[in-house]
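Here the structure is laid out as structure tokens; the discussion comes afterwards.
All chains are named by letter (A, B, ...) in the order of the sequence lines, taking the proteins before the strands, and each is independently numbered beginning at 1. Fair warning: this is a prediction, and the values are worked out from it, not measured in the lab.
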Protein chains: 2
Amino acid sequence: MTDLLERLRERGWRLTAQRRIIAEVLSGDHVHYTADEVHAHAVERLPEISRATVYNTLGELVSIGEVLEVSTDGRAKRYDPNAHRPHQHLICSRCGTIRDVQPRGNPLADLPDDERFGFAVSQVEVTYRGLCPSCRG
Amino acid sequence: MTDLLERLRERGWRLTAQRRIIAEVLSGDHVHYTADEVHAHAVERLPEISRATVYNTLGELVSIGEVLEVSTDGRAKRYDPNAHRPHQHLICSRCGTIRDVQPRGNPLADLPDDERFGFAVSQVEVTYRGLCPSCRG
DNA sequence: TATTGACTTGGACATTGTCCATTGTAGGAT
DNA sequence: ATCCTACAATGGACAATGTCCAAGTCAATA
Ligand SMILES: [Mn+2]
Ligand SMILES: [Mn+2]
Ligand SMILES: [Zn+2]
Ligand SMILES: [Zn+2]
């Protein structure tokens, strides 16, 4: 995304070849790569890019809110470029495919006060699971 | 819990000292230990119990549905003995405390058909996050 | 109390992620 | 156009979590 690179420049980031490639790998809809998947794709266009740079850059993108970190399965974390439109995830239990989805209503509102244990609840993540069209055969 | 051990015996499990201790560590409400935390508690009562046995036993308990595996943060998985009453989780963003909670309604029903992408959706996990009473000071 | 197949053990190995000393370079200054 | 330098990239050691296996041990049955 050129707009992502533009926002990074405005934040004072140096636009290195590595950062351009990582931004490019992260563009598109329903993209939820692990760090090593991002690295594998990046290496195709910039063979000498290191794992450390991919981890560093993803961590920085997460910390400024341009990318979301998604922990779906206790395995590797996944990185989600769709950080500006709140959404939830639908995951195939068999092949692992992940889709962005938009449930109706506000999930936060479904937790009654007497179930909040005095917490100041500010955020909610919803993960739907099931079989995708190709996996139910 | 004695009833857990009873159910395991009915399934033909050998009731070893290791399994008794692990079942004991996993008893109580709002218990969500990592495998290594289970091991640390178990070692207090049975110093020679091995990590491998704890991992094996937890994995078996999960596969028969007596314990739930919860991936809260992309770090270590947590093991939840409250497997017979469906519930969701409320987690403190600061100290990590986890409480079992019961949202109202059926979260599955909030995903419209046109947001299901042809999936056969069968399960939903909801994680609420916020600050617990001691952490908002 | 002897038998035996299920269980446990320790340690090697795998995956995912972090850290750091060194080397390289983007972008402003001249 | 070239130089400077603070910021970024690199490779490899290390850490945390989890898996696997060959060998030894023991719970339950008879
Ligand atoms: Mn997403
Ligand atoms: Mn729970
Ligand atoms: Zn699938
Ligand atoms: Zn707290």
Side-chain angles (χ1 to χ4, degrees), chain A residues 4-25 32-43 45-64 66-80 96, chain B residues 4-25 32-43 45-64 66-80 96:
Chain A
L4 171 57
L5 291 177
E6 201 49 52
R7 288 197 297 277
L8 295 182
R9 194 202 310 276
E10 281 162 12
R11 285 174 181 274
W13 280 39
R14 287 194 189 167
L15 295 193
T16 65
Q18 292 84 348
R19 286 171 171 178
R20 289 174 200 279
I21 300 290
I22 290 170
E24 192 173 321
V25 169
H32 305 92
Y33 290 138
T34 65
D36 275 341
E37 286 169 354
V38 170
H39 182 244
H41 282 101
V43 158
R45 314 235 306 115
L46 187 66
E48 67 275 24
I49 191 174
S50 73
R51 272 189 353 119
T53 293
V54 171
Y55 275 96
N56 287 342
T57 303
L58 290 173
E60 289 159 359
L61 288 170
V62 168
S63 77
I64 65 177
E66 289 287 349
V67 164
L68 299 177
E69 211 169 51
V70 184
S71 298
T72 53
D73 62 347
R75 309 270 309 176
K77 289 175 193 162
R78 295 185 170 272
Y79 294 89
D80 185 341
Chain B
L4 171 57
L5 291 178
E6 202 48 53
R7 289 197 298 277
L8 295 181
R9 192 202 312 275
E10 281 161 13
R11 285 173 180 274
W13 280 40
R14 287 195 188 167
L15 294 194
T16 64
Q18 292 84 350
R19 286 171 171 178
R20 289 174 200 278
I21 300 290
I22 290 170
E24 191 173 321
V25 169
H32 304 92
Y33 290 139
T34 65
D36 274 342
E37 285 168 354
V38 171
H39 182 243
H41 282 102
V43 158
R45 314 236 305 114
L46 188 65
E48 67 275 25
I49 192 173
S50 73
R51 271 188 356 119
T53 292
V54 172
Y55 275 96
N56 288 343
T57 303
L58 291 173
E60 289 158 359
L61 288 170
V62 168
S63 77
I64 65 176
E66 288 286 350
V67 163
L68 299 176
E69 210 169 54
V70 184
S71 299
T72 53
D73 62 347
R75 307 273 307 179
K77 291 175 192 160
R78 294 185 171 271
Y79 294 88
D80 185 342

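Annotation: of the two residues near DNA chain C, B:W13 and B:G74, the 5′-most nearest-nucleotide partner is B:W13. When the nearest nucleotides of DNA chain D are assigned to B:A35 and B:R20 by heavy-atom distance, the more 5′-ward of the two goes with B:A35.
Residue B:T53 places at least one side-chain N or O closer than 4.0 Å to OP1 or OP2 of C:dT9. In this structure, B:Q18 reaches the C:dT9 phosphate: one of its side-chain N or O atoms is under 4.0 Å from OP1 or OP2. In terms of phosphate contacts, A:R75 brings a side-chain nitrogen or oxygen within less than 4.0 Å of OP1 or OP2 of C:dT16. Considering only side-chain N and O atoms, A:Y55 lies nowhere under 4.0 angstrom from the phosphate OP1 or OP2 of C:dT18. A close approach under 4.0 Å does occur between a side-chain nitrogen or oxygen of A:R19 and OP1 or OP2 of D:dA8.
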**Request:** Please report the C-alpha distance between A:L8 and A:R19 in whole Å, then the side-chain angles of each, then the deciding distance to 0.1 Å, and finally whether the side-chain contact (heavy atoms from CB on, under 4.5 Å) criterion is met.
**Result:** CA-CA 10 Å; A:L8 295 182; A:R19 286 171 171 178; 5.6 Å; no

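A distance of 6.5 Å separates CG of A:L5 from CZ of A:R20, quoted to the nearest 0.5 Å. Taking CG from B:N56 and CZ from B:R51, the interatomic distance works out to 11.0 Å, rounded to the nearest 0.5 Å.
The distance from atom CG of A:L61 to atom P of D:dA8 is 12 Å, rounded to the nearest whole Å. One can place CG of B:L58 at 15 Å from C1' of C:dC7, the figure rounded to the nearest angstrom. Look at CZ on B:R14: it is 15 Å from P on D:dT25, rounded to the nearest Å. The nearest whole Å value for the distance from the NE2 atom in A:H39 to the P atom in C:dG17 is 14 Å. Separating the CG atom of A:D73 from the P atom of D:dT17 is a distance of 16 Å, rounded to the nearest angstrom. Per the geometry, CG belonging to A:D36 stands 7 Å off P belonging to C:dG17, to the nearest Å. Atom CD in A:E69 sits roughly 11 Å away from atom C1' in C:dG17 (whole-Å rounding). Rounded to whole angstrom, the span from the CG atom of B:N56 across to the P atom of D:dA22 amounts to 15 Å.
Residue-level contact check: B:T16 touches the backbone only, with heavy atoms under 4.0 Å from sugar-phosphate atoms and none from bases. Backbone-only contact: A:A76 has heavy atoms under 4.0 Å from sugar-phosphate atoms and none from a base.
Side-chain atoms of A:R51 and base atoms of C:dG17 include a donor and an acceptor less than 3.5 Å apart.
The only member of A:I49, A:T57, A:V54 that meets side chain to side chain contact (heavy atoms under 4.5 Å, CB included) when paired with A:V38 is A:V54.
Taking every side-chain heavy atom of A:T57 into account, D:dA9 is the closest of D:dA28, D:dA9, D:dT10.
The nearest pair of heavy atoms linking B:Y33 to B:V25 is CE1-O, 3.7 Å.
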